[in-house]
Amino acid sequence: MSLHCQKSAKGDKVNTHKFKADIHQDREDSEAMAIEPPFFEKYKAILQSSANEKEKPSTVEGFEELELPLIDLSHLNLGPLERQECIEKMGQAAIEWGFFQIVNHAVPDELLNRLKQEQIKVFQQPFDKKSEYNFLNLSVQSYRWGNPLATSLRNLSWSEALHISLKDISKMDEYNKLRSTIEEYAEKANFLAQRLAEYLAQNLGIKANYFQENCSPSSSSLRMNRYPPCPYPSMMFGIIPHTDTDFLTIVSQDQVGGLQLKRNGRWVSVKPNPKALVVNIGDFYQALSNGVYKSITHRVIANQETERYSAAYFYCPTYETVIESCSKPSLYKKFSFKEYREQIQKDVKATGDKVGLSRFLL
């Protein structure tokens, strides 16, 4: 019998309530552990090696926190001067920052909240279920975590994600609420992304129907991210430094914070804005703009105490679309989405990391 249940000299059962509380806590701890990816088991050798070699931490505290340029899209519906000023402000942010945030974007708060709740439900499922071959009837490797090719803390991501190609949504028949929410959000996000891409194109002389011709609703994707509490936040990232491949990314995030971007050669933290969506330029738009718009390296730092959620909509062309710079002399040779993705896969396999646009410089 457990010591918690032994009787005292007065015949009372001592610590009975504590015993029950311990059982309840153990059950909660067990359930919490069941949802987490096995980071410690998978990366045991890396963690031990880093401890032995006293590897320099990949991240440090004390970054300057900045607010991204704020674009109020309601100004597009005012007079022609206000509209043009809004478009120019957007273009300037894409040139100087590669990032900006938008308000009055016509994506309802109710929909964003519903998407987050469905996202939480997905990630709170047991890891064994999430890692099944056909989780949610989606393509293989739609659910992913960490970095299977990580060789050091420098390229280890302490996070899990569900990456959904929008052409796969129809497979999610038995998950009606999740499917309908994603479909509704994807429709809104696609319309928003196309509008933003077209406004940015006006500053470059790109034809108005370029994105309608080369991007279809099913060619884009949605990535839902969860960043579990990390016991070593100063030594690893939530997501390692990278650029996005697409034309534009639209990000909905919570208030935990952690997004950082490279600005003027140094890392800065992005202050979360509960009323805004974050937009950033991807590699394809940098190439299309001939380097005018910037696809900026960014990352997510780990948090020791609080989990973080975000959802990123990647506005992508069809697989066969050829990306060619809009002006001459061109900085980049033309390439298709297919060629670019194949090059990324080669580089990740060889180095554990994406190389990106520099592979296509002339």
Assess whether ring pair (Phe, Tyr, Trp, His ring centres under 6.0 Å) is satisfied between F335 and F360, documenting all intermediate values.
CA-CA 8 Å; F335 55 86; F360 295 87; 4.6 Å; yes

Heavy-atom check, side chain of [X] versus side chain of [Y], under 4.5 Å:
| X | Y | value |
| --- | --- | --- |
| L162 | R223 | no |
| V300 | I240 | no |
| R83 | I87 | yes |
| H242 | H298 | yes |
| V292 | L204 | yes |
| N203 | Y293 | yes |
| L200 | I281 | yes |

So does [X] have more than 12 non-hydrogen atoms from other groups sitting under 6.0 Å from [atom1]?
| X | atom1 | value |
| --- | --- | --- |
| E65 | CD | yes |
| E187 | CD | no |
| D109 | CG | no |

Transitively linked via ILVMFWY side-chain contacts under 4.5 Å: [X] with [Y]?
| X | Y | value |
| --- | --- | --- |
| L156 | V348 | yes |
| F191 | L222 | no |
| M90 | L288 | yes |
| V278 | I250 | no |

Exercise: do S159 and N225 side chains pair donor with acceptor under 3.5 Å:
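No.
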
Taking only Lys NZ, Arg NE, NH1 and NH2, and the carboxylate oxygens of Asp or Glu, determine whether [X] and [Y] approach each other closer than 4.0 Å.
| X | Y | result |
| --- | --- | --- |
| E324 | K333 | no |
| E213 | K207 | yes |
| R263 | E96 | no |
| K354 | D283 | yes |
| R226 | E307 | yes |

Checking ring-ring contact (aromatic ring centres under 6.0 Å, His included) between F39 and each of F127, Y232, Y227, W158, which is the one that passes?
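It is W158; the other options fail the test.
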
Determine the sole option in F211, Y332, Y340 for which the ring-ring contact (aromatic ring centres under 6.0 Å, His included) test with F284 is passed.
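That would be Y340.
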
Could you list all the ring pair (Phe, Tyr, Trp, His ring centres under 6.0 Å) pairs where at least one residue sits in residues 304-331, not counting sequence neighbours?
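For residues 304-331: H163-F314, Y319-F337.
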
Could you tell me which residues satisfy side chain to side chain contact (heavy atoms under 4.5 Å, CB included) with E118, sequence neighbours excluded, listed by chain and number?
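If we apply the side chain to side chain contact (heavy atoms under 4.5 Å, CB included) test to E118, skipping adjacent residues, the hits are K121, K177, L178, T181.
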
Might you point out which heavy atoms bring S220 and C316 nearest each other, and give the distance in Å?
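Nearest heavy atoms, S220 then C316: OG-N, 3.1 Å.
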
Report the relative orientation of the aromatic rings in Y285 and F247; use parallel for angles under 30°, tilted for 30 to 60°, perpendicular for over 60°.
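Y285 and F247: perpendicular rings.
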
Show the numbers, then the answer: is there a side-chain hydrogen bond (donor to acceptor under 3.5 Å, both in side chains) between Q117 and N113?
CA-CA 6 Å; Q117 293 307 311; N113 292 334; over 6 Å; no

